[in-house]
Protein chains: 2
Amino acid sequence: MSKTPTRIQQRNRAAILSAGLDVFSQYGFRGSTLDQIAEAAGLSKPNLLYYFPSKEAIHTALLERLLETWLDPLKSLDGDGDPVEEIMNYARRKLTMSREYPRESRLFANEILQGAPRIAEILRTDLKALVDEKAQIIRDWADAGKIATVDPHHLIFSIWALTQHYADFDVQVRAVRGTDDPFAGAGAFLDHVMRSVLTPVSGNTS
Amino acid sequence: MSKTPTRIQQRNRAAILSAGLDVFSQYGFRGSTLDQIAEAAGLSKPNLLYYFPSKEAIHTALLERLLETWLDPLKSLDGDGDPVEEIMNYARRKLTMSREYPRESRLFANEILQGAPRIAEILRTDLKALVDEKAQIIRDWADAGKIATVDPHHLIFSIWALTQHYADFDVQVRAVRGTDDPFAGAGAFLDHVMRSVLTPVSGNTS
DNA sequence: ACTTTATTTGACCAAGCGGTCAAAGCAACG
DNA sequence: CGTTGCTTTGACCGCTTGGTCAAATAAAGT
(Lines give C-alpha, C1' and ligand atoms only; values in the text may rest on other atoms or scores of the structure.)
Protein backbone atom coordinates (compact mmCIF):
# COMPACT_ATOMS: atom_id res chain seq x y z
CA MET A 1 0.00 0.00 0.00
CA SER A 2 2.34 2.76 1.17
CA LYS A 3 4.97 2.47 -1.52
CA THR A 4 8.14 4.51 -1.68
CA PRO A 5 7.18 8.02 -2.73
CA THR A 6 8.28 9.21 -6.13
CA ARG A 7 10.84 11.93 -6.57
CA ILE A 8 8.08 14.38 -7.39
CA GLN A 9 6.27 13.51 -4.21
CA GLN A 10 9.39 13.97 -2.14
CA ARG A 11 10.15 17.30 -3.73
CA ASN A 12 6.65 18.69 -3.47
CA ARG A 13 5.97 17.49 0.03
CA ALA A 14 9.24 19.04 1.11
CA ALA A 15 8.39 22.28 -0.66
CA ILE A 16 4.99 22.39 1.01
CA LEU A 17 6.42 21.74 4.46
CA SER A 18 9.03 24.44 4.00
CA ALA A 19 6.44 26.89 2.73
CA GLY A 20 4.08 25.94 5.55
CA LEU A 21 6.86 26.52 8.03
CA ASP A 22 7.46 29.98 6.59
CA VAL A 23 3.81 30.95 6.73
CA PHE A 24 2.65 29.24 9.92
CA SER A 25 5.66 30.46 11.89
CA GLN A 26 4.84 34.02 10.95
CA TYR A 27 1.05 34.16 11.15
CA GLY A 28 0.07 31.24 13.35
CA PHE A 29 -2.37 28.57 12.29
CA ARG A 30 -5.51 30.64 12.00
CA GLY A 31 -3.76 33.60 10.47
CA SER A 32 -2.27 31.53 7.66
CA THR A 33 -4.04 30.65 4.43
CA LEU A 34 -3.68 27.80 2.00
CA ASP A 35 -3.20 30.28 -0.83
CA GLN A 36 -0.22 31.81 0.95
CA ILE A 37 1.34 28.40 1.49
CA ALA A 38 0.58 27.28 -2.04
CA GLU A 39 2.18 30.38 -3.52
CA ALA A 40 5.23 30.07 -1.28
CA ALA A 41 5.56 26.44 -2.38
CA GLY A 42 5.11 27.32 -6.03
CA LEU A 43 2.05 25.13 -6.40
CA SER A 44 -1.62 25.66 -7.07
CA LYS A 45 -3.96 25.27 -4.15
CA PRO A 46 -5.66 22.11 -5.43
CA ASN A 47 -2.26 20.63 -6.14
CA LEU A 48 -1.19 21.37 -2.61
CA LEU A 49 -4.27 19.57 -1.35
CA TYR A 50 -3.28 16.61 -3.49
CA TYR A 51 -0.27 16.09 -1.24
CA PHE A 52 -1.83 17.03 2.09
CA PRO A 53 -5.50 16.41 2.82
CA SER A 54 -5.98 19.68 4.70
CA LYS A 55 -4.41 22.79 6.19
CA GLU A 56 -4.48 21.07 9.54
CA ALA A 57 -2.50 18.12 8.15
CA ILE A 58 0.35 20.36 7.04
CA HIS A 59 0.45 22.01 10.42
CA THR A 60 0.37 18.71 12.27
CA ALA A 61 3.14 17.27 10.12
CA LEU A 62 5.29 20.29 10.91
CA LEU A 63 4.67 20.09 14.64
CA GLU A 64 5.48 16.40 14.72
CA ARG A 65 8.70 16.89 12.80
CA LEU A 66 9.54 19.75 15.14
CA LEU A 67 8.98 17.93 18.41
CA GLU A 68 11.21 15.09 17.25
CA THR A 69 14.30 17.25 17.16
CA TRP A 70 13.27 19.93 19.61
CA LEU A 71 13.68 17.82 22.73
CA ASP A 72 16.86 16.10 21.65
CA PRO A 73 19.30 18.42 23.44
CA LEU A 74 17.54 18.00 26.77
CA LYS A 75 17.45 14.23 26.31
CA SER A 76 21.22 14.26 25.98
CA LEU A 77 21.73 15.90 29.36
CA ASP A 78 23.75 13.26 31.14
CA GLY A 79 23.55 12.73 34.88
CA ASP A 80 26.99 11.16 34.86
CA GLY A 81 28.73 14.06 33.17
CA ASP A 82 30.25 17.13 34.75
CA PRO A 83 27.33 19.13 36.14
CA VAL A 84 28.28 22.62 35.03
CA GLU A 85 29.54 21.45 31.66
CA GLU A 86 26.44 19.34 31.02
CA ILE A 87 24.08 22.21 31.71
CA MET A 88 26.15 24.74 29.83
CA ASN A 89 26.42 22.38 26.92
CA TYR A 90 22.66 21.99 26.91
CA ALA A 91 22.23 25.75 26.86
CA ARG A 92 24.69 26.08 24.00
CA ARG A 93 22.99 23.40 21.95
CA LYS A 94 19.66 25.08 22.55
CA LEU A 95 21.06 28.41 21.39
CA THR A 96 22.47 26.76 18.29
CA MET A 97 19.08 25.28 17.51
CA SER A 98 17.44 28.67 17.85
CA ARG A 99 19.97 30.15 15.48
CA GLU A 100 19.75 27.37 12.93
CA TYR A 101 16.03 26.77 13.13
CA PRO A 102 14.41 30.13 13.93
CA ARG A 103 11.29 29.27 11.93
CA GLU A 104 10.75 26.14 13.97
CA SER A 105 11.23 28.16 17.13
CA ARG A 106 8.61 30.65 16.05
CA LEU A 107 6.22 27.91 14.95
CA PHE A 108 6.48 26.45 18.41
CA ALA A 109 6.12 29.86 20.03
CA ASN A 110 3.01 30.56 18.02
CA GLU A 111 1.49 27.26 19.00
CA ILE A 112 2.16 27.82 22.70
CA LEU A 113 0.99 31.44 22.57
CA GLN A 114 -2.29 30.31 21.10
CA GLY A 115 -2.82 27.93 23.98
CA ALA A 116 -1.14 24.88 22.45
CA PRO A 117 -4.46 23.37 21.32
CA ARG A 118 -2.69 20.73 19.23
CA ILE A 119 0.16 19.72 21.53
CA ALA A 120 -1.17 20.39 25.03
CA GLU A 121 -1.39 16.66 25.63
CA ILE A 122 2.22 16.08 24.60
CA LEU A 123 3.38 18.88 26.87
CA ARG A 124 1.51 17.39 29.80
CA THR A 125 2.84 13.88 29.22
CA ASP A 126 6.05 13.49 27.22
CA LEU A 127 7.58 16.90 27.88
CA LYS A 128 6.65 16.93 31.55
CA ALA A 129 8.13 13.46 32.05
CA LEU A 130 11.35 14.44 30.32
CA VAL A 131 11.70 17.68 32.24
CA ASP A 132 10.89 16.03 35.55
CA GLU A 133 13.54 13.41 34.92
CA LYS A 134 16.22 15.95 34.10
CA ALA A 135 15.10 18.24 36.91
CA GLN A 136 15.80 15.44 39.34
CA ILE A 137 19.32 15.10 38.01
CA ILE A 138 19.89 18.80 38.47
CA ARG A 139 18.39 18.70 41.96
CA ASP A 140 20.78 15.90 42.89
CA TRP A 141 23.72 17.92 41.64
CA ALA A 142 22.58 20.87 43.71
CA ASP A 143 22.09 18.73 46.79
CA ALA A 144 25.57 17.31 46.34
CA GLY A 145 26.94 20.86 46.26
CA LYS A 146 28.24 20.47 42.73
CA ILE A 147 26.24 23.44 41.49
CA ALA A 148 24.49 26.32 43.21
CA THR A 149 21.13 25.71 44.81
CA VAL A 150 18.63 26.56 42.09
CA ASP A 151 15.12 25.46 41.27
CA PRO A 152 15.69 22.97 38.44
CA HIS A 153 12.46 23.74 36.64
CA HIS A 154 13.15 27.44 36.60
CA LEU A 155 16.69 26.77 35.47
CA ILE A 156 15.40 24.86 32.47
CA PHE A 157 12.81 27.53 31.75
CA SER A 158 15.52 30.16 31.86
CA ILE A 159 17.53 28.27 29.25
CA TRP A 160 14.49 28.02 27.02
CA ALA A 161 13.68 31.69 27.48
CA LEU A 162 17.21 32.97 26.97
CA THR A 163 17.82 31.00 23.81
CA GLN A 164 14.45 31.12 22.06
CA HIS A 165 14.15 34.83 22.70
CA TYR A 166 16.68 35.57 19.96
CA ALA A 167 14.70 33.62 17.39
CA ASP A 168 11.18 34.51 18.52
CA PHE A 169 11.83 38.21 19.10
CA ASP A 170 14.28 38.46 16.23
CA VAL A 171 12.66 41.63 14.87
CA GLN A 172 12.88 43.40 18.19
CA VAL A 173 16.43 42.33 18.88
CA ARG A 174 17.50 43.52 15.46
CA ALA A 175 15.63 46.81 15.79
CA VAL A 176 17.17 47.59 19.16
CA ARG A 177 20.70 46.52 18.33
CA GLY A 178 20.73 47.71 14.76
CA THR A 179 22.72 44.60 13.96
CA ASP A 180 22.10 42.14 11.18
CA ASP A 181 22.84 39.10 13.29
CA PRO A 182 20.58 39.01 16.32
CA PHE A 183 22.67 36.22 17.82
CA ALA A 184 25.92 38.20 17.87
CA GLY A 185 27.36 38.02 21.35
CA ALA A 186 24.51 35.86 22.59
CA GLY A 187 26.72 32.81 23.06
CA ALA A 188 29.24 34.59 25.24
CA PHE A 189 26.53 36.22 27.30
CA LEU A 190 24.68 32.94 27.78
CA ASP A 191 27.90 31.33 28.92
CA HIS A 192 28.41 34.07 31.47
CA VAL A 193 24.86 33.78 32.75
CA MET A 194 24.96 30.03 33.09
CA ARG A 195 28.35 29.93 34.72
CA SER A 196 27.37 32.63 37.22
CA VAL A 197 24.06 31.05 38.05
CA LEU A 198 25.50 27.59 38.51
CA THR A 199 28.62 28.44 40.46
CA PRO A 200 28.00 27.66 44.11
CA VAL A 201 28.51 30.59 46.44
CA SER A 202 31.32 30.10 48.95
CA GLY A 203 29.66 32.12 51.72
CA ASN A 204 26.00 31.87 52.66
CA THR A 205 23.43 34.07 50.90
CA SER A 206 21.35 35.52 53.71
CA MET B 1 -16.60 68.45 19.01
CA SER B 2 -15.03 65.66 21.05
CA LYS B 3 -17.29 65.86 24.09
CA THR B 4 -16.94 63.78 27.20
CA PRO B 5 -18.04 60.26 26.35
CA THR B 6 -21.24 59.00 27.92
CA ARG B 7 -21.21 56.25 30.50
CA ILE B 8 -22.38 53.79 27.87
CA GLN B 9 -19.54 54.77 25.58
CA GLN B 10 -17.00 54.33 28.35
CA ARG B 11 -18.40 50.96 29.32
CA ASN B 12 -18.64 49.61 25.78
CA ARG B 13 -15.30 50.89 24.61
CA ALA B 14 -13.70 49.34 27.67
CA ALA B 15 -15.53 46.07 27.06
CA ILE B 16 -14.39 46.01 23.44
CA LEU B 17 -10.77 46.70 24.35
CA SER B 18 -10.80 43.99 26.97
CA ALA B 19 -12.41 41.54 24.57
CA GLY B 20 -10.00 42.54 21.84
CA LEU B 21 -7.11 41.97 24.21
CA ASP B 22 -8.39 38.50 24.99
CA VAL B 23 -8.80 37.54 21.37
CA PHE B 24 -5.83 39.30 19.75
CA SER B 25 -3.44 38.09 22.43
CA GLN B 26 -4.45 34.53 21.73
CA TYR B 27 -4.80 34.40 17.96
CA GLY B 28 -2.83 37.36 16.68
CA PHE B 29 -4.26 40.01 14.42
CA ARG B 30 -5.00 37.94 11.36
CA GLY B 31 -6.22 34.96 13.31
CA SER B 32 -8.80 37.00 15.21
CA THR B 33 -12.26 37.85 13.91
CA LEU B 34 -14.65 40.67 14.65
CA ASP B 35 -17.33 38.12 15.53
CA GLN B 36 -15.10 36.63 18.21
CA ILE B 37 -14.38 40.02 19.70
CA ALA B 38 -18.00 41.10 19.48
CA GLU B 39 -19.18 37.97 21.26
CA ALA B 40 -16.52 38.29 23.96
CA ALA B 41 -17.61 41.89 24.48
CA GLY B 42 -21.28 40.98 24.57
CA LEU B 43 -22.11 43.18 21.59
CA SER B 44 -23.32 42.65 18.08
CA LYS B 45 -20.77 43.09 15.31
CA PRO B 46 -22.34 46.25 13.86
CA ASN B 47 -22.56 47.69 17.34
CA LEU B 48 -18.89 46.99 17.87
CA LEU B 49 -18.13 48.84 14.66
CA TYR B 50 -20.16 51.75 15.98
CA TYR B 51 -17.48 52.28 18.64
CA PHE B 52 -14.40 51.42 16.59
CA PRO B 53 -14.24 52.06 12.87
CA SER B 54 -12.41 48.83 12.07
CA LYS B 55 -10.67 45.73 13.37
CA GLU B 56 -7.39 47.50 12.81
CA ALA B 57 -8.50 50.42 14.98
CA ILE B 58 -9.14 48.15 17.96
CA HIS B 59 -5.77 46.54 17.55
CA THR B 60 -3.98 49.85 17.21
CA ALA B 61 -5.71 51.26 20.28
CA LEU B 62 -4.56 48.24 22.26
CA LEU B 63 -0.96 48.48 21.07
CA GLU B 64 -0.80 52.17 21.87
CA ARG B 65 -2.19 51.66 25.35
CA LEU B 66 0.27 48.82 25.82
CA LEU B 67 3.41 50.66 24.76
CA GLU B 68 2.59 53.50 27.14
CA THR B 69 2.99 51.33 30.21
CA TRP B 70 5.28 48.68 28.81
CA LEU B 71 8.42 50.80 28.76
CA ASP B 72 7.82 52.52 32.07
CA PRO B 73 9.96 50.20 34.21
CA LEU B 74 12.98 50.63 31.98
CA LYS B 75 12.53 54.39 31.95
CA SER B 76 12.74 54.37 35.73
CA LEU B 77 16.17 52.74 35.75
CA ASP B 78 18.22 55.40 37.49
CA GLY B 79 21.88 55.92 36.73
CA ASP B 80 22.37 57.51 40.15
CA GLY B 81 20.97 54.59 42.13
CA ASP B 82 22.75 51.53 43.40
CA PRO B 83 23.70 49.52 40.29
CA VAL B 84 22.75 46.04 41.39
CA GLU B 85 19.60 47.21 43.13
CA GLU B 86 18.50 49.30 40.17
CA ILE B 87 18.83 46.43 37.73
CA MET B 88 17.28 43.90 40.06
CA ASN B 89 14.45 46.27 40.75
CA TYR B 90 13.89 46.65 37.04
CA ALA B 91 13.79 42.90 36.61
CA ARG B 92 11.32 42.55 39.48
CA ARG B 93 9.03 45.22 38.09
CA LYS B 94 9.13 43.54 34.70
CA LEU B 95 8.20 40.22 36.26
CA THR B 96 5.34 41.86 38.12
CA MET B 97 4.09 43.34 34.88
CA SER B 98 4.17 39.94 33.20
CA ARG B 99 2.22 38.45 36.07
CA GLU B 100 -0.36 41.23 36.22
CA TYR B 101 -0.71 41.81 32.50
CA PRO B 102 -0.14 38.46 30.80
CA ARG B 103 -2.57 39.28 28.00
CA GLU B 104 -0.67 42.42 27.17
CA SER B 105 2.55 40.43 27.18
CA ARG B 106 1.09 37.92 24.75
CA LEU B 107 -0.35 40.66 22.55
CA PHE B 108 3.11 42.14 22.29
CA ALA B 109 4.68 38.73 21.69
CA ASN B 110 2.23 38.02 18.90
CA GLU B 111 2.96 41.33 17.27
CA ILE B 112 6.72 40.77 17.38
CA LEU B 113 6.43 37.16 16.25
CA GLN B 114 4.48 38.28 13.22
CA GLY B 115 7.23 40.66 12.26
CA ALA B 116 5.95 43.71 14.17
CA PRO B 117 4.34 45.22 11.05
CA ARG B 118 2.55 47.86 13.10
CA ILE B 119 5.25 48.87 15.58
CA ALA B 120 8.51 48.20 13.76
CA GLU B 121 9.07 51.93 13.45
CA ILE B 122 8.58 52.52 17.17
CA LEU B 123 11.01 49.73 17.97
CA ARG B 124 13.63 51.22 15.69
CA THR B 125 13.24 54.73 17.09
CA ASP B 126 11.74 55.11 20.57
CA LEU B 127 12.62 51.71 21.97
CA LYS B 128 16.12 51.69 20.51
CA ALA B 129 16.83 55.15 21.90
CA LEU B 130 15.59 54.18 25.34
CA VAL B 131 17.55 50.93 25.41
CA ASP B 132 20.71 52.60 24.12
CA GLU B 133 20.46 55.23 26.84
CA LYS B 134 20.04 52.68 29.61
CA ALA B 135 22.67 50.40 28.09
CA GLN B 136 25.19 53.22 28.41
CA ILE B 137 24.38 53.57 32.10
CA ILE B 138 24.93 49.86 32.60
CA ARG B 139 28.15 49.96 30.62
CA ASP B 140 29.41 52.77 32.82
CA TRP B 141 28.61 50.74 35.93
CA ALA B 142 30.51 47.81 34.51
CA ASP B 143 33.48 49.96 33.55
CA ALA B 144 33.54 51.36 37.06
CA GLY B 145 33.66 47.81 38.42
CA LYS B 146 30.37 48.21 40.24
CA ILE B 147 28.85 45.23 38.44
CA ALA B 148 30.30 42.36 36.46
CA THR B 149 31.38 42.97 32.90
CA VAL B 150 28.33 42.11 30.83
CA ASP B 151 27.00 43.18 27.47
CA PRO B 152 24.29 45.68 28.45
CA HIS B 153 22.02 44.89 25.53
CA HIS B 154 22.08 41.19 26.22
CA LEU B 155 21.50 41.87 29.87
CA ILE B 156 18.34 43.77 29.04
CA PHE B 157 17.25 41.10 26.58
CA SER B 158 17.76 38.48 29.25
CA ILE B 159 15.47 40.36 31.63
CA TRP B 160 12.82 40.61 28.94
CA ALA B 161 13.16 36.94 28.07
CA LEU B 162 13.17 35.65 31.64
CA THR B 163 10.13 37.64 32.71
CA GLN B 164 7.91 37.51 29.64
CA HIS B 165 8.50 33.79 29.25
CA TYR B 166 6.17 33.05 32.16
CA ALA B 167 3.33 35.00 30.58
CA ASP B 168 3.93 34.09 26.94
CA PHE B 169 4.61 30.40 27.50
CA ASP B 170 2.13 30.14 30.34
CA VAL B 171 0.55 26.98 28.95
CA GLN B 172 3.87 25.19 28.66
CA VAL B 173 5.07 26.27 32.08
CA ARG B 174 1.85 25.09 33.64
CA ALA B 175 1.90 21.80 31.75
CA VAL B 176 5.47 21.01 32.78
CA ARG B 177 5.17 22.11 36.39
CA GLY B 178 1.62 20.91 36.94
CA THR B 179 1.12 24.04 39.03
CA ASP B 180 -1.74 26.47 38.80
CA ASP B 181 0.46 29.52 39.24
CA PRO B 182 3.13 29.61 36.55
CA PHE B 183 4.91 32.40 38.40
CA ALA B 184 5.43 30.43 41.60
CA GLY B 185 9.11 30.62 42.51
CA ALA B 186 9.92 32.77 39.52
CA GLY B 187 10.67 35.83 41.62
CA ALA B 188 13.22 34.06 43.81
CA PHE B 189 14.86 32.43 40.81
CA LEU B 190 15.05 35.70 38.91
CA ASP B 191 16.66 37.33 41.95
CA HIS B 192 19.25 34.59 42.06
CA VAL B 193 20.02 34.87 38.36
CA MET B 194 20.35 38.62 38.38
CA ARG B 195 22.47 38.73 41.52
CA SER B 196 24.80 36.03 40.19
CA VAL B 197 25.14 37.61 36.79
CA LEU B 198 25.80 41.08 38.15
CA THR B 199 28.20 40.24 40.95
CA PRO B 200 31.73 41.03 39.78
CA VAL B 201 34.10 38.10 39.91
CA SER B 202 37.05 38.54 42.27
CA GLY B 203 39.48 36.55 40.13
CA ASN B 204 39.89 36.98 36.38
CA THR B 205 37.80 34.89 33.99
CA SER B 206 40.30 34.51 31.17
C1' DA C 1 2.66 2.94 -29.35
C1' DC C 2 -0.39 2.17 -25.67
C1' DT C 3 -2.17 1.73 -21.29
C1' DT C 4 -1.88 2.72 -16.53
C1' DT C 5 -0.92 5.63 -13.02
C1' DA C 6 0.59 9.92 -10.98
C1' DT C 7 0.18 14.84 -11.18
C1' DT C 8 -1.88 19.33 -12.17
C1' DT C 9 -5.43 22.58 -12.84
C1' DG C 10 -9.73 25.66 -13.77
C1' DA C 11 -14.09 26.06 -12.21
C1' DC C 12 -16.72 25.85 -8.51
C1' DC C 13 -19.00 25.77 -3.63
C1' DA C 14 -20.59 26.81 1.02
C1' DA C 15 -19.11 29.17 4.89
C1' DG C 16 -16.85 32.86 7.03
C1' DC C 17 -14.71 37.32 6.62
C1' DG C 18 -14.62 42.71 7.43
C1' DG C 19 -17.60 46.15 6.79
C1' DT C 20 -22.09 49.01 5.39
C1' DC C 21 -26.65 50.86 5.91
C1' DA C 22 -31.23 52.07 6.77
C1' DA C 23 -34.29 51.56 10.12
C1' DA C 24 -35.62 50.62 14.71
C1' DG C 25 -35.16 51.30 19.72
C1' DC C 26 -33.83 54.06 23.44
C1' DA C 27 -32.51 57.83 26.66
C1' DA C 28 -32.47 62.52 27.92
C1' DC C 29 -34.30 66.85 28.21
C1' DG C 30 -37.32 70.64 27.20
C1' DC D 1 -45.41 64.28 25.68
C1' DG D 2 -42.50 65.06 21.87
C1' DT D 3 -38.37 65.58 19.78
C1' DT D 4 -33.55 65.25 19.35
C1' DG D 5 -29.52 62.65 19.37
C1' DC D 6 -27.31 58.36 21.02
C1' DT D 7 -27.33 53.35 20.60
C1' DT D 8 -28.52 48.86 18.61
C1' DT D 9 -29.60 45.65 15.12
C1' DG D 10 -31.11 42.63 10.92
C1' DA D 11 -30.25 42.29 6.45
C1' DC D 12 -27.02 42.60 3.27
C1' DC D 13 -22.53 43.00 0.22
C1' DG D 14 -18.25 41.80 -2.00
C1' DC D 15 -14.38 39.20 -1.00
C1' DT D 16 -11.61 35.46 0.95
C1' DT D 17 -11.50 31.11 3.01
C1' DG D 18 -10.77 25.83 3.12
C1' DG D 19 -11.93 22.37 0.31
C1' DT D 20 -14.03 19.53 -3.91
C1' DC D 21 -14.24 17.56 -8.47
C1' DA D 22 -14.03 16.30 -13.10
C1' DA D 23 -11.20 16.77 -16.64
C1' DA D 24 -6.66 17.64 -18.64
C1' DT D 25 -1.81 16.66 -18.66
C1' DA D 26 2.47 14.39 -17.83
C1' DA D 27 5.27 10.07 -16.43
C1' DA D 28 6.13 5.41 -16.21
C1' DG D 29 5.73 0.79 -17.41
C1' DT D 30 4.74 -2.60 -21.04
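So you know, we letter chains A, B, ... as the sequences are listed, proteins then strands, and number each from 1.
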Step-by-step side-chain hydrogen bond (donor to acceptor under 3.5 Å, both in side chains) determination, B:R139 to B:Q136: CA-CA 5 Å; B:R139 193 172 294 114; B:Q136 189 53 54; 2.9 Å; yes
Under the salt bridge (Lys or Arg N to Asp or Glu O under 4.0 Å) test, which residues partner B:D72, sequence neighbours left out? none
Aromatic plane relationship, B:H59 with B:F24 - under 30° parallel, 30 to 60° tilted, over 60° perpendicular: perpendicular
For B:Y27, check side-chain hydrogen bond (donor to acceptor under 3.5 Å, both in side chains) against everything at least two apart and list the hits. none
OP1 or OP2 of C:dA6 versus the side-chain N and O atoms of A:Y51: is any pair under 4.0 Å? no
Would you say C:dT7 has OP1 or OP2 under 4.0 Å from some side-chain N or O of A:Y50? yes
Could you tell me the separation between the CG atom of A:N47 and the P atom of D:dT25, rounded to a whole number of Å? 15 Å
Give a yes/no on whether any side-chain N or O of B:S44 is located under 4.0 angstrom from OP1 or OP2 of D:dT8. no
Under a 4.0 Å heavy-atom cutoff, the residues of residues 14-37 of chain A touching DNA chain C are none
Record whether the side chain of A:K55 comes under 3.5 Å of the base of D:dG19 through a donor-acceptor pair of N or O atoms. no
Would you list the atom pairs, donor with acceptor, under 3.5 Å between side chains in residues 167-176 of chain A and any protein atom, with sequence neighbours excluded?
{"residue": "A:D168", "atom": "OD1", "partner": "A:S105", "partner atom": "OG", "Å": "2.7"}
{"residue": "A:D170", "atom": "OD1", "partner": "A:R174", "partner atom": "NH2", "Å": "3.0"}
{"residue": "A:R174", "atom": "NH1", "partner": "A:D180", "partner atom": "O", "Å": "3.1"}

Phosphate OP1/OP2 of C:dT8 contacted by A:N12 side-chain N/O (<4.0 Å): yes
Cationic N near anionic O, under 4.0 Å, B:R124 to B:E121: yes
Identify, between B:K45 and A:L48, the residue whose nearest nucleotide on DNA chain C lies closer to the 5' end. A:L48
From CZ of B:R13 over to P of D:dT8, roughly how many Å is that when rounded to an integer? 13 Å
Can you find a side chain N or O atom of A:Q9 that sits less than 4.0 Å from OP1 or OP2 on C:dA6? no
Base versus backbone protein contacts along nucleotides 21-30 of chain C [heavy-atom cut-off under 4.0 Å; B, S, -]: B---------
Are there over 12 heavy-atom neighbours, none belonging to B:Q36, within less than 6.0 Å of that residue's CD? yes
Should we say atom OH of A:Y101 is surrounded by more than 12 heavy atoms from elsewhere, each under 6.0 Å from it? no
Taking only distance into account, with no hydrogens and no angle test, what donor-acceptor pairs under 3.5 Å do side-chain atoms of residues 148-155 of chain B form with protein atoms, sequence neighbours excluded?
{"residue": "B:D151", "atom": "OD1", "partner": "B:H153", "partner atom": "N", "Å": "2.9"}
{"residue": "B:D151", "atom": "OD1", "partner": "B:H154", "partner atom": "N", "Å": "3.1"}
{"residue": "B:H153", "atom": "NE2", "partner": "B:D132", "partner atom": "OD1", "Å": "3.1"}
{"residue": "B:H154", "atom": "ND1", "partner": "A:Y166", "partner atom": "OH", "Å": "2.6"}
{"residue": "B:H154", "atom": "NE2", "partner": "A:R177", "partner atom": "NH1", "Å": "3.3"}
{"residue": "B:H154", "atom": "NE2", "partner": "A:A184", "partner atom": "O", "Å": "2.8"}

